[in-house]
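Working notes, structure below.
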Amino acid sequence: MAPPLKVLFVSSEVAPFAKTGGLADVVGALPKELRALGLDVRVAMPLYAGMPWNDLEVLDGMLSVPMWWGAARGRVRVGRLPDSEVPVYCLEYNRYFDRPYLYGPPAEGYSDNLERFTYLSRGALELCKALGFIPDVIHCNDWQTALVPIYVNTVEWMQPLHGAATIYSIHNLAYQGIFDGNALFITGLGREHYNPGELEHFGALNLTKGAINHSTLLSTVSPTYAREIQTGEYGCGLDGLLASRSGDLVGILNGIDTDEWNPATDRHLPARFDAKSLGGKAQCKAVLQKEAGFAIRPDVPVFGVVGRLTSQKGFDVLAHALGRILGWDVQLVLLGTGDPDAERFFAWADGNHGDRFRAWLRFDNGRAHRIEAGADFFLMPSRFEPCGLNQMYSLRYGTLPIVRSTGGLVDTVTNYDEATGGGTGFMFSTLDPDSLANTIGWAVSTWYDRPHHIDQMRRRAMAQDFSWARAARAYHDLYLRAYQRRRGHAFAA
Ligand code: ADP
């Protein structure tokens, strides 16, 4: 039997080991599905503080990673993605990664992030050589790994790794890895690569631009976002470049981890439920109301919000609409961390409307599950949304999403049709406090006036298939296409 397609994922976060957002969920789940399709998939990431160091096996020998100042020698520890055989190689280099945060304190990046993720990118390639694992495809994710396709094309020239096809996945184009042009030396790349056809963008070093120019094929996490980022409104300055590679850019909707997010088995919930028996959901709602310190009332609609408090997520718009929303007989719970001004505002609102608004300003996975399960509606007024996972969790938990029509939200939610009761959620397009409040008002009136529609939508939402199996097949096709492009012949399985 011919050997399977060999794929290395490189990522700065991988659930459950280290997570700040949706990227970690993707790299925690997709490799398992690809493995189930028969691919030899492995993952490389940094070893951060807070990871289960002692549960990881220490590999013999030291990895030597060329850095601008000399060879950085670090250990490699290996674990597995839960319930799978997928190896996760964790690059240990304490000077870079043994810190309280993955990227830096809230709203700041560590000043040496370029150096830290140069280590990850270069280290992932050195790891392959040390393991004797020469991947057919290297799947890179966001700017922290954007140097990988460039190294494959440059420092690996005439070496086995030069044959690897590279996929660059854009999980969020707002984070591009932009640094002062004078910092180029840290990457080890020569000045000849600092030009507009490679890494230079309006006088700065832009790692994402470099990856878009150097990767075999490109992907992003939903079909709508793939189209949007080729426009001036969403392209964050790279729309022209992305449009020039339009034929090489595909949008593949993320799946969700249907084991971790399954209302029928979820260990974080006080009661479990499915589309056939929703009694457990009512119990989850009561417990959520109790945790929030609200009146325990089945008749009042509960709205949930979970996410990073950043301008991307439209929390500023929610803040402006909050007074109007809380004027109605509703309850609203928010879980999130991020922008200090937003945190201050929501803490203040929590103090002033304690009977109907609760803000939990921390990261709490169990609570995220209990909000998804216990709420009736889930708010995502995103300014842009590459894919979004929370709306898919909501649908699966029978919690109807109220979303702005952008990015992956368009690809996953269908708008309510008052005439037929069709749809799985509520959508609006103009991002302003009135549109948001009006749409929430529309949901509230539907709740009271047409409860049978809510019931129908809930069951329809819960029947959607957002498993990774579908996405994994699409990535497999993409890998085979990239292989063919890189090598000039098809992969012989
Ligand atoms: P993004 O990746 O842009 O942050 P997504 O919706 O794709 O947004 O994914 C966010 C993920 O992070 C979800 O799994 C969500 O539940 C989780 N999350 C975000 N903030 C918090 C928080 N404060 N507590 C718990 N989970 C959170």
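First listed ligand is number 1; within each ligand, the first listed atom is number 1. The first residue of the sequence shown is numbered 1, and numbering continues consecutively from there. Owing to the predicted nature of the structure, the values given are computational and were not obtained by experimental measurement.
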Distance to 0.1 Å, residue and atom name: give those for the protein heavy atom nearest to atom 27 (C) of ligand 1. F363 CE1, 3.4 Å
Nearest protein heavy-atom contact for atom 24 (N) of ligand 1: which residue, which atom, what distance? D364 N, 3.0 Å
Consider every N or O of N365 and every N or O of ligand 1, then say whether any pair is closer than 3.5 Å. no
Sub-3.5 Å N/O-N/O distance, T20 and ligand 1: no
Quick one: nearest non-hydrogen protein atom to atom 6 (O) of ligand 1, plus distance? L389 N, 3.0 Å
Around atom 12 (O) of ligand 1, find the nearest protein heavy atom and jot down its residue, atom name and distance. K19 CE, 3.8 Å
Nearest candidate to atom 8 (O) of ligand 1, where distance is taken over non-hydrogen atoms, out of K313, R308, Q312: K313
Suppose I only count heavy atoms of G336 and a 4.0 Å limit; which atoms of ligand 1 are within that range? 23 (N)
Considering the heavy atoms of L335, write down every atom of ligand 1 situated less than 4.0 Å from one of them. 22 (C), 23 (N), 24 (N), 25 (C)
Any sub-3.5 Å donor-acceptor pair from S215's side-chain atoms to A211's backbone N or O? yes
F384/Y234 aromatic ring centres below 6.0 Å: no
Among protein heavy atoms, which lies nearest atom 16 (O) of ligand 1, and at what distance? N390 OD1, 3.2 Å
Between D257 (side chain only) and G28 (backbone N and O only), is there a donor and an acceptor less than 3.5 Å apart? no
Any chance NE2 of H453 has more than 12 other-residue heavy atoms, nucleotides or ligands included, within less than 6.0 Å? yes
Short version for R367: what comes under 4.0 Å of ligand 1, heavy atoms counted, is neither
Mind checking whether C387 has a heavy atom under 4.0 Å from ligand 1? no
Is the contact between D25 and ligand 1 made by the side chain, the backbone, both, or neither, using heavy atoms and a 4.0 Å cut-off? side chain
Which of the ligand 1 atoms, numbered from 1, are nearer than 4.0 Å to a heavy atom of R362: 22 (C), 23 (N), 24 (N)
Under 3.5 Å donor-acceptor, D239 side chain and I229 backbone: no
Could you walk me through whether E92 and R77 satisfy the salt bridge (charged side-chain N to carboxylate O under 4.0 Å, His left out) test, starting with their C-alpha distance in whole Å, then the side-chain angles of each, then the deciding distance to 0.1 Å, before giving a yes or no? CA-CA 7 Å; E92 179 174 340; R77 298 188 189 226; 2.7 Å; yes
Is the gap between the ring centers of W442 and Y416 under 6.0 Å? yes
Does the structure place the NZ or CZ of R99 under 6.0 Å from the centre of the six-membered ring of Y110, at an angle of no more than 45° from the ring's axis? yes
The closest protein heavy-atom partner of atom 2 (O) of ligand 1 is G22 N, 2.5 Å
R122 to Y151 six-membered ring, cation-pi geometry met (6.0 Å, 45°): yes
For the ring pair H139 and Y479, is the centre-to-centre distance below 6.0 Å? yes
Atoms in ligand 1 flagged as close to A368, the criterion being non-hydrogen separation under 4.0 Å: 25 (C), 26 (N)
Proximal ligand 1 atoms for Y393, defined as those under 4.0 Å from one of its heavy atoms: 13 (C), 14 (O)
W143 and ring-ring contact (aromatic ring centres under 6.0 Å, His included): which single residue from F117, Y103, Y175 fits? F117
